[in-house]
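Just so we're on the same page: letters track the sequence lines, and every chain starts at 1.
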Amino acid sequence: MSELVKISGRQFTILVIMNVLGTAIITVPAIVSAYGKQNGWFSVLLATIFGIGMVVVYNAIYKKNPDKNIYQQLELLFGKWIGKLLSFLFMLFAFHITIGNLRVMGDFITTQILIETPVEMVMFLALITCFFGVRYGIEVIARAAEIFFPYIILSIFLLLILVTPEAEITNIQPILQTDVAGAFAGALPLLGYPFLEMVLFLAFMQNVNNKRIEKQFLVGVTIGGLLLVVITLVCLLVLGVDMTTRNIYPTYILGKKISIADFLERIEILVAIIWFFTIFFKITIGYYVLIIGFKQLLQLKDYKTTTIPFVYVLLVFAVFMRPSVVEQKQFLTSAWIPFSLTFGLVLPVLMLVAGLFKNKKGGQQQSP
Amino acid sequence: MKRKIMILLLSFFMCLITAGCWDSHELTEMALATGLAIDKEGDEYTVTAQVLNPGEIAGAQMTNRLSVSTYSTTGKTIFEAVRRLTQTTPRKLYLSHLRIIIFGEELAEEGIGRAIDFVSRDHEMRTDFTLSIAKGMRAEDVLKILTPLEKVPANKVFSSLEMSQDAWAPTKVVHVDELIDSLTSPSKQAVLNGLYVQGDIEIGSTLDNVERVNSPTLIKIDHIGVFRHDQLIGWLDEEQSKGFNYITNNVSNTVGSVACDKPGRIVIEVINTNTELKGKTENGSPKMVVHVTSEVNIGEVLCPIDIMKKKNISDVEKKVEKKMKDIMYASIDKAKELNSDIFGFGEVLKRQVPKQWKNWEQNWDEEFTNLNVDVKADVKIRRTGTISESFLNKMEKNKKKDE
Amino acid sequence: MVQASFICLLSLFIFLLEYKRVKKLQSKKDKWTLSIGFMIALYFIVSMILDLPVPSMNKLVGKVFQPVGEPFSNMLESFQDQ
Amino acid sequence: MAKILRRTRKKKKKKIVENISSDYNQPIKQTIEENKTFVNAELGNSFDIVIREFKLGKKNPIKAAVMYTDGLADKDLVHNYVLETLMIDVREAELNQQIANSQDLYNRIKEFSLTGAELTEITTMKAIFNHLLSGDTIVLLDGFTNGFGVGSRGWQDRGVQEPSSEQVVRGPKDAFTETIRTNTALIRRRIKDTNLWFDTQKIGKRTKTDIAVAYIKGVASDDIVSEVKERLQKIDIDSILESGYIEELIQDETYTPFPLMYHTERPDAICAGLLEGRVAILVDGTPFVLLVPALFIDFFQSSEDYYQRSDISSLLRLLRFFAFFLAMITPSAYIALTTFHQEMIPTPLLISIAAQREGVPFPALVEALMMEATFEILREAGIRMPRAVGSAISIVGTLILGQSAVEAGIVSPAMVIVVSLTAISSFVLPHYNIAISVRMIRFCFMILAAIFGLYGIILGLIIMVLHLASLRSFGIPYLSPMAPMGIKDQKDALIRLPLWMQSRRPTYLNKQDKIRANTKEPKPTRQ
């Protein structure tokens, strides 16, 4: 079923951009400015460069078997059983990303917008929406992303333009003179946060109907990363280091700063709306990757079989994921880094090495 | 598809059954607060809220009831007090449309830091209200005064603060994020604008006050209060406040006068000012250069001088420059006297000479008192108004002839 | 308890609807996966409602990766305090 | 009716019984008498069937009969070109000794006597009934098992009038009628191309409605044409009374609020569709012609867009999208803003809304639902009422419900504004179809907004877009050319660029004959 479905290269790029922005757009400025201070934007830039490097690795894996997704490749490279085990671990990673994003969304909405609504309800509604997306399949998800994309980009630019009158260059001075080491360190949590998560795209890259898919992937990550850099920069310029760091959701506060002619103000919820769209696609992609993983793992006939049970499981795990916002930040700066590195960096590199080894072996077998 | 619709409907149904509408608050259930006054009594905070009566402001039929009312209560913390207000208000207090928060002078002298945390943490609070201090009085008294013209007193205060900052200059609108920025920064001290009530507070809080053409009680905007950390330690007077605004590049439009050589004054209107702060190192100690460039118009000529002459104009320019320098030095001296770096000179130094700053950071207070500040002013007269030479000259001549 | 049974009932209904669809696939594996999946899902959701302990993903990941993550965390913290 | 439809959808459907007693496929009987009794018996002696018996020839006269359905057949035609010519010509031929035996007579009649334009030889009873009930005239001769059907269809029809549902300021003012032949003629008159093909068939076991599938060979994609034909083939139903039947029976997805087929009574719109490579389905008995595939943006385009300046049309199109959005979202946004996100409303506006809501006893959701429902009732009442009463309803609606309700303090004036804005916005949409779907979706959004505020609205929007993206109309994604994006097709989607820029047909529809124009930007040849 899913093998027949094809999405276009442009849609793929849009999905990549959405995934880079996803959760990051609203929280990243606070994280990086905590370490890099006024050079926080530099951390994002570093992380983006790293992310682009990672995409090259992912592209290399894709190129080995352009018609197989990561689960099939794992089974091909490491044999059926080890492959299945690795697939399962990879799905655990996808699972964690999905519930993590769901939780971030729930936390944001219950702290900023719907204060008294139980977080379970907020996440449930989001999950139901994602469920529809997954049920309709990647093609429909990609098309919906294409519809929302212009709106998202427009909103981001509108936000950036509308707050520029409040920007003060002094807020990011001195540029790259002090706290540079901090800026390098600040890139660390960012690696795993939006960029290593890109490994999830390996699960359905074979569905992309474009020969220049590798370029599309690179373009997506670059645009997404640069947008993040710009947003961080504007956050720092307008809010200053202190405010950016102290607020959990600085980009949202940025929206509060908009005030044009005493009329265009109080529209920060528009920021939230941009963000709903991006994070929706992020959760949906994670969910989808998880589901097709199960299809491959259990050799099911239809990937849709496991969608409904997963609504429950995702909801429950997201609810119990962490008791508070504080732990989220704690987790992000400690265990998350090696965890994401394992699946986003070590596993792909391992796959590449295994591929080389196998090729050699295969070549030797064929030659005589 | 039918299945999916069923599921969707069911989940809706479930939502509605389980609880539904957690966050919805009808407008008729909430009290819109426009002003909040915070005073301290012993170790308890007194919070006073000015609540709107919408029907009286925009309703179809107006009665004689007041457009606002105030409620006050005390609590160990501000959040507690705000919540306790529901005991007295008929509706839940809604703070998103807050225009102004006023601190009592007593509280300000003791320290406003603790009061601010709630303000910045609560999700209902936005950042677009202003903060001020009730000078020489309790903050709640300011909120009680009814104002003519503007039905919502808090709105009146808010808009006159903004207007006078724009057109008169010795006031400063401070928003909460700016205040927090100053409170946390080691190299900058906070300022807040002052407010006071002129006249009888009792009369001011009755309809009587707004029913007269000449309201006996008014809310007046005062000058800038200087903080050290979070404690109010002194006030700048009008000139010093103006100087402060010149240094912090906060003047957009103001009026000032200089004396002529001959008896009389020339009034100039400042239309465009730009201030550059430069931090330098001089023999290992910090030095600040304040450079003000200003474009002015001549607003009033009250002395016999031919302003069409280039020399006279440049004369006036020099005088204005001197005057500007004087008021800036005055406010710097006052700040030094109070030992409070309200101008953020420390920040500038940190930005511009980050390496040397590390040496001064520890005892910046001391360094600030001895800081060498060089003020330069550059004034350009652009226009002389709609008439060239003042008719006063001719009139005076005629007068003399008659005599 | 009422809530739990309500959700169980609802789930049963959804399960039946979904089962009808999966039946059309004529794959035994799918049917089994769905049934077992629903069972697990119900177990989790009921234990959430009844406040029974549910394994936390964070703790699991934390347990495995915390030792490796500690140095990162410490390093980052050192920058934060500056 | 619904029962029948449902039954046909089931797998084990019962065969629709066409005739109860007789075998229609039997040949025509030998004698006139026998035939007459059979026809009369089968049609239950219906009084609108006219059977005229007479004799042909003088020497050895043969019994003959003419049958036609009164009202369906053109009487003048029957008299002048069947009866009269038959009698005169046969007599003349007889005088000239051209008829020797009855076979000669038969041939003479076939070749000379019947001067009607359409003539078919018929052999079975079934054919007799088919012709008779379509308005043709049947000529039977005693002793022959062959007869003639003479085309004499001519019933009262409305004539070509102005379209009642889609009016334009500039553009042709003719509309389709209930007669399929008139309709095909209206299309043919506009496209004088040999490649314009009409593929006809009869659907409906009892109604035997004429259906014509029209397309331009080579322009319309073969896949779509064959898909349409296949789907039509699958229909097994006793009656087709309107094109809505066809629409419901062949559309891609039934459970969707969005129209997946486009219907119009404007010939120019159909012609434009055909020229873009779409397929039209004409149904006898209705002025509404179907056009497939229909995409989401088609419902925001009016044929007038192409008759007026492109900049104006572009603006109007954008306006329509905006109105669509307003019609869908306004009441729910009002609910969300006033009950959830009061901080988003500027203070003076909030104060005035709060003042209006003072004393209104209902929560915003109930107030909104009440007003919206009232409005829908008013609109429905207005549509079905005779025109004279219609204006009375609007007075009742505006004065009594609007003004008095506000004065009585049951609803707030702001709510009235919201409802009117919604209503007027939904009238801007050029197609009734999409306006109806908006009406439905609006209520879902209102409930979502009442539970989750803007968050609910956004998630509702996402679900709606997902649903839209999942739809296909005859294999074409419903949201093309937006998603999947076709850069070239944007010239005639959200905006309309000048015609000389649109040199290609929509790429999502056409794979074969892509170029449709090759004009340059108009410039004066002489300065």
Side-chain angles (χ1 to χ4, degrees), chain A residues 6-11 14 105-106 108-110 112-117 121-122 124-137 139-151 209 255-256 259 262-270 272-277 279-281 284, chain D residues 253 256 295-297 321 325 329 333 336-337 339-350 444 447-472 475-490 493-494 507-508:
Chain A
K6 288 281 181 191
I7 63 177
S8 77
R10 187 185 291 113
Q11 288 170 341
I14 287 172
M105 177 165 198
F108 172 74
I109 286 169
T110 44
Q112 291 285 3
I113 300 163
L114 303 170
I115 290 72
E116 283 151 49
T117 310
M121 246 17 253
V122 171
F124 176 67
L125 198 68
L127 255 180
I128 286 288
T129 316
C130 297
F131 164 75
F132 275 91
V134 172
R135 251 338 233 277
Y136 280 133
E139 205 179 17
V140 171
I141 297 170
R143 271 190 224 146
E146 209 168 11
I147 292 287
F148 286 125
F149 185 67
Y151 172 73
N209 186 14
K256 287 194 177 187
S259 171
D262 284 340
F263 172 71
L264 258 185
E265 52 184 12
R266 303 172 174 270
I267 52 174
E268 67 270 10
I269 211 136
L270 291 184
I273 290 171
I274 312 173
W275 187 68
F276 284 159
F277 288 139
I279 197 160
F280 161 75
F281 286 103
T284 311
Chain D
E253 178 95 59
T256 171
L295 308 177
F296 188 63
I297 51 161
F321 277 98
F325 206 69
I329 282 304
L337 287 186
T339 58
F340 285 86
H341 313 287
Q342 289 93 350
E343 77 273 7
M344 273 185 79
I345 310 174
T347 319
L349 184 60
L350 182 73
C444 298
I447 291 166
L448 271 174
I451 305 172
F452 291 103
L454 274 179
Y455 177 62
I457 295 180
I458 292 305
L459 292 184
L461 263 181
I462 293 178
I463 292 178
M464 194 188 87
V465 170
L466 279 172
H467 176 67
L468 277 171
S470 76
L471 290 175
R472 278 169 180 273
I476 311 292
Y478 196 50
L479 284 179
S480 349
M482 302 299 155
M485 184 81 145
I487 297 285
K488 279 178 195 154
D489 297 323
Q490 296 303 320
L494 280 176
T507 51
Y508 48 92

Contact class of [X] relative to chain D, heavy atoms under 4.5 angstrom:
| X | answer |
| --- | --- |
| A:Phe148 | side chain |
| A:Ser8 | neither |
| A:Ala126 | both |

Run the side-chain donor-acceptor check on residues 477-488 of chain D: report pairs under 3.5 Å with partners two or more places apart or on a different chain.
unit_1, atom_1, unit_2, atom_2, d
D:Tyr478, OH, D:Pro259, O, 2.5
D:Ser480, OG, D:Pro477, O, 2.4

Those residues that, when tested against A:Glu139, pass salt bridge (Lys or Arg N to Asp or Glu O under 4.0 Å) (two or more places apart):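 Once residues adjacent in sequence are excluded, the partners of A:Glu139 under the salt bridge (Lys or Arg N to Asp or Glu O under 4.0 Å) criterion are A:Arg143, D:Arg472.
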Side chain / backbone / both / neither for D:Ile345 at chain A, heavy atoms under 4.5 Å: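 The answer is the backbone of D:Ile345.
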Working to the nearest 0.5 angstrom, can you tell me the gap between D:Leu471 CG and A:Tyr136 OH?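 Here the interatomic distance stands at 7.0 Å.
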Whether the side chain of D:Tyr455 engages the backbone of A:Val122 through a donor-acceptor N/O pair (distance < 3.5 Å, no angle test) should be reported.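 Yes.
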